Amino acid sequence: MLAHGQTVIQYVERLAPKSLAMEGDKIGLHVGTLQKKVKKVMIALDVLESVVEEAIAEGVDLIVAHHAVIYRPLKHLRTDLAAGRVFEKLIKHDIAVYTAHTNLDVAYGGMNDWLAEAVGLTNVDVLDVLSREAWKKLVVFVPATHKEVVFSALAEAGAGHVGNYSHCSFQTEGTGTFLPGEGTNPHIGSTGQLEKVEEVRIEMIVPASRQSAVVKAMLAAHPYEEVAYDIIPLEQSGTAYGIGRIGTLPEPLTLREFALLVKERFSLHGLRVVGDLDATVKKVAVVGGDGSSFVSKAIFKGADVYLTGDIGYHTAHDAQAEGLSIVDAGHNIEKIMKEKLATILLEQLQANGYETEVIPSRVHTDPFQFV
């Protein structure tokens, strides 16, 4: 069974919800349609002509990319120019392109977590918090005979997650009463007769983004025709979302040793370093892509070294003056997402019985070389 294009993207958006994207970011479907069956998906960092040719050769139906294929407004669509040829080939071969950019950066288990993991960071936290997810409390009344079924359904749908703990709830026993009216089909009791049932009140925290899925799972598992439940907004907020990560190395390294570690972990031919190569570094900030805007945040959070890309000359001077070392490994270290996302997406599809293939692009798209 092949997955529908929209089904594939639903799995992508479970990891990287569109709501996490920064304002103005050009995410989502850029080319083609998701209203079709998908035999093969390719995960790419960039959608260059060489990548599209690779997709054609591989028989790909859908490209999931990190960088937008339509980033600046199109002034024309000329097929005698490089940009126009990309769209011509995509459309002629019915290849759709979907982009997950800053939403994938911000997501837990996404781009910046992959980068932090690659260099071995521990005690990882968000570098620049942009928002915190609203929390709600779900309260539902369940007959004692079905409390475990409903509780498990709620937990599996995303309720009851607090920090690194799951299945968190508070449960109290009591007596529920109801009188089934005309036209009802009660699971317990009879029409026109007051019924008393031993019930359990289950209370669980629900992230606002999971409310719909949690309620749907609860209703499906609950035996009653009419389910009594409450959704209560809470003052406290939950998970922090933002750009970048900051953490610590297992053991202190010199800046030189850390730079060589980065070079090895990301298979680089070279990188740029700001700072004293013999200085000791322990606390590391990471931002994938262009991290110039977050230098001050890395300084504020007490980082010894900042791993990112696209650092400008004057920005490097400012960081150096403040005592922050920088390892500029280039924008292309984000290529780590190709293997990571391909693995996650394929596992999700296979777990749900789909035979759709998922492959990482093998085309090297870094325009820079070291000579």
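Any value given below was found using the heavy atoms of this structure, including those in side chains, with hydrogens, waters and symmetry copies removed. The model shown is predicted, which means the values in this text are computed figures rather than measured ones.
- Proximity of Glu357 to Glu58: side-chain heavy atoms (C-beta onward) are nowhere separated by under 4.5 Å.
- The hydrophobic clustering, which links ILVMFWY residues whose side-chain heavy atoms are closer than 4.5 Å, places Val119 and Leu268 together.
- Side-chain heavy atoms closer than 4.5 Å link hydrophobic residues (I, L, V, M, F, W, Y) into clusters, and following such links, even through other members, never connects Met204 to Val139.
- Salt bridge status for Asp94 with Lys36: present, with a side-chain N to carboxylate O gap under 4.0 Å.
- With no hydrogens or angles considered, no side-chain donor-acceptor pair links Thr184 and Glu225 at under 3.5 Å.
- Put simply, the side chain of Glu133 gets close to the backbone of Ser209: a donor and an acceptor are under 3.5 Å apart.
- Panel note: side chain Thr191, backbone Pro180; no donor-acceptor pair is recorded below 3.5 Å.
- Between the side chain of Glu199 and the backbone N or O of Val142, no donor-acceptor pair lies under 3.5 Å.
- Taking Asp128 as the reference, Lys297 meet the salt bridge (charged side-chain N to carboxylate O under 4.0 Å, His left out) condition, with sequence neighbours excluded.
- Within the hydrophobic cluster formed by Ile, Leu, Val, Met, Phe, Trp and Tyr side chains joined at under 4.5 Å, directly or through other members, Ile246 is accompanied by Leu20, Met22, Val106, Tyr108, Val126, Leu127, Val129, Leu130, Tyr241, Ile243, Val274, Val287, Phe294, Val295, Ile299, Tyr306, Ile311, Leu324, Ile326.
- No continuous path of ILVMFWY side-chain contacts below 4.5 Å connects Leu34 to Leu90, so the two sit in separate hydrophobic clusters.
- Looking only at side-chain heavy atoms (C-beta outward), Leu115 and Leu307 stay at 4.5 Å or farther from each other.
- More than 12 non-hydrogen atoms from other residues, nucleotides or ligands lie less than 6.0 angstrom from NE2 of His76.
- Using modelled atom types, no side-chain atom of Ser166 and backbone atom of Ala155 make a donor-acceptor pair closer than 3.5 Å.
- The number of heavy-atom neighbours closer than 6.0 Å to NE2 of His269, taken from other residues, nucleotides and ligands shown, is 12 or below.
- Ring planes of His331 and His67: perpendicular class, angle over 60° (limits at 30 and 60°).
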Evaluation steps, salt bridge (charged side-chain N to carboxylate O under 4.0 Å, His left out), between Lys340 and Glu117
CA-CA 12 Å; Lys340 292 288 189 179; Glu117 179 186 10; 3.7 Å; yes

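- Remark: Glu54 does not engage Arg362 in a salt bridge, criterion side-chain N to carboxylate O under 4.0 Å.
- Here the straight-line distance linking atom CG of Asp80 with atom CD of Glu88 works out to 9.5 Å at 0.5 Å rounding.
- Between the CG atom in Leu77 and the CD1 atom in Ile91 there is a gap of 6.5 Å [rounded to 0.5 Å].
- No donor-acceptor pair closer than 3.5 Å links the side chain of Trp135 to the backbone N or O of Val206.
- Cluster membership check: Ile56 does not share its hydrophobic cluster with Val41, using side-chain heavy-atom separations under 4.5 Å among Ile, Leu, Val, Met, Phe, Trp and Tyr.
- Under a 3.5 Å cut-off, the side chain of His66 and the backbone N or O of Ala100 do form a donor-acceptor pair.
- The closest donor-acceptor contact from the side chain of Ser361 to the backbone of Val51 lies at 3.5 Å or more, if one exists at all.
- Hydrophobic clustering of Ile, Leu, Val, Met, Phe, Trp and Tyr side chains at less than 4.5 Å, counting indirect connections, unites Phe151 with Val215.
- For the residue pair Thr33 / Gln35, no side-chain donor-acceptor distance below 3.5 Å is found, with atom types taken as modelled.
- A cation-pi contact, defined as under 6.0 Å to the ring centre and within 45° of the axis, is absent between Lys335 and Phe266.
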Take Ile27 and Lys18, measure what side chain to side chain contact (heavy atoms under 4.5 Å, CB included) needs, and give me the verdict at the end.
CA-CA 8 Å; Ile27 63 170; Lys18 294 172 76 172; 3.8 Å; yes

Kindly determine whether Val358 and Leu349 satisfy side chain to side chain contact (heavy atoms under 4.5 Å, CB included), including the steps that lead there.
CA-CA 9 Å; Val358 185; Leu349 289 167; 3.6 Å; yes

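- The closest side-chain heavy-atom distance from Asp105 to Glu334 is below 4.5 Å.
- Looking at Lys37, Lys39, His93 one by one, the single match for side chain to side chain contact (heavy atoms under 4.5 Å, CB included) with Asp61 turns out to be Lys39.
- Within 6.0 Å of CD in Glu251 there are 12 or fewer heavy atoms belonging to other residues, nucleotides or ligands.
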As a quick check of understanding, evaluate side chain to side chain contact (heavy atoms under 4.5 Å, CB included) for Leu15 and Leu104, giving each step before the final call.
CA-CA 8 Å; Leu15 170 64; Leu104 186 62; 3.9 Å; yes

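- Counting non-hydrogen atoms of neighbouring residues, nucleotides and ligands closer than 6.0 angstrom, the CD atom of Glu264 exceeds 12 such neighbours.
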